[in-house]
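Just below is one structure, and these are the notes that go with it.
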Amino acid sequence: MNRLAGIVVAVVGLVVAILGVMKIVPGLTQPGIVLILLGGLVIGLSFIDKPESDGTPRMSTPETLLNIFIAPADTFRNLRHHPRWLVAALIIAILSSVFANLFIYRLTAERVTNFAIDKTMEMPMMNDQARQQIEAGRQDAINQNKDPIMKTGQAASSFAASVLKYCVYALIFLGFALAMGGKINFWQAFSVAVYAAFPVSVIHSILSSIILFLKDPADIHPILGQGNLVQDNLSFLFSPSASPALYTFAAYFSLLWLYWIWLVVTGLKNTGENVSGSTAWTTALSVFGILLLLGVASSYLFSGFMS
């Protein structure tokens with residue numbers, strides 16, 4: 001079934017890419033290519049065997065989506081025998097896409113796009129020719145941020161990117177567990193990656209959408225606001241323009257990040273076999289550390305976008 005789904009996604013991506021290349025539906029070339037890659041990934045993953053159910057009753061998908069909030073250990077124990085991810089990943093992608101579109105609506109496509117373009121043109125590596133090309137495409141970029149077809153393509157690309165991200169997390173979880181004497185199947189690790197992200201993403205998307213309409217749009221940063229409207233961290237101690245690296249570093253010390261780390265630890269202990277608490281904590285904190293370093297490095301390299 002997964003293999004068939006992968007083939008369907010790849011074929012759809014091919015059709016979409018062709019429509020984009022032939023300018024029948026402009027702007028869909030990249031989403032089409034991304035869908036082809038996603039289909040290929042799903043086909044490849046379909047060859048990985050799932051663990052035996054061992055006669056354990058399967059918790060329904062609605063139950064897993066609810067119980068991950070109130071009984072995460074029980075949910076992960078069931079995912080150990082019946083790993084799955086698609087519905088949770090789709091809900092995460094849909095909520096993220098809804099917030100992204102509300103953000104554009106609230107701040108306007110003109111403000112968000114012009115800010116990003118202006119900051120891009122200010123980067124030191126930009127020469128006059130590159131600036132002229134970017135300036136010539138300014139209106140097209142604004143129109144793309146208003147085009148529903150383009151937004152659909154962006155949502156599809158975002159979903160594909162998130163699936164790839166979960167695969168990377170799963171491989172890291174798998175590697176740590178095996179290296180430290182535990183045992184976990186790839187699909188079990190993949191379920192941990194998705195279901196640990198699910199509660200955090202749902203809470204973040206819903207709260208961010210509410211805050212978006214409570215705050216004055218003029219007080220919302222066109223770039224930083226897209227990923228950080230929930231003030232549950234220590235970033236308020238630093239100015240993003242004066243100290244971008246410190247601002248980003250402090251932003252990672254938040255309640256939602258701590259919640260994610262705890263969910264990963266709970267997931268690894270209850271989904272894998274012989275995965276000790278020390279192994280689970282080492283894995284979760286190591287991944288968090290990698291993400292922290294990447295975030296700080298990005299803020300240092302692209303500090304102009306934070307001013």
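On a predicted model such as this, the values are computed, not experimentally measured, just so you know. All values below were derived from every heavy atom in this structure, side-chain atoms included, with hydrogens, water molecules and symmetry-related copies excluded.
A salt bridge does not link Arg80 to Glu52: none of the charged side-chain nitrogens sits closer than 4.0 Å to a carboxylate oxygen. Checked for salt-bridge contact, Asp118 and Arg131 miss the test: no charged N lies under 4.0 Å from a carboxylate O.
Interatomic distance, CZ of Phe99 versus CD1 of Ile211, reported as 8.5 Å (0.5 Å rounding).
Residues Ser205 and Val98 are not in side-chain contact: their nearest non-hydrogen atoms beyond the backbone lie 4.5 Å or more apart. Inter-residue side-chain proximity for Trp262 and Pro72 is flagged as met; some heavy-atom pair is nearer than 4.5 Å. At least one side-chain heavy atom of Tyr252 sits under 4.5 Å from a side-chain heavy atom of Thr248.
More than 12 heavy atoms of other residues, nucleotides or ligands shown are found within 6.0 angstrom of CZ on Phe253.
A side-chain N or O of Ser60 and one of Glu63 form a donor-acceptor pair less than 3.5 Å apart. Side chains of Thr64 and Thr61: a donor-acceptor N/O pair is absent below 3.5 angstrom, by distance only. Gln139 and Asn143 share a side-chain donor-acceptor pair at under 3.5 Å.
Relative orientation of the Phe190 and Tyr166 rings is perpendicular, given thresholds of 30° and 60° on the angle between their planes.
Between Tyr247 and the options Asn228, Val296, Asn233, a side-chain contact (heavy atoms from CB on, under 4.5 Å) holds for only Asn228.
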Exercise. Mind running side-chain contact (heavy atoms from CB on, under 4.5 Å) on Lys151 and Asn101 for me, showing each step along the way?
Key: CA-CA 8 Å; Lys151 289 182 178 181; Asn101 282 280; 2.7 Å; yes

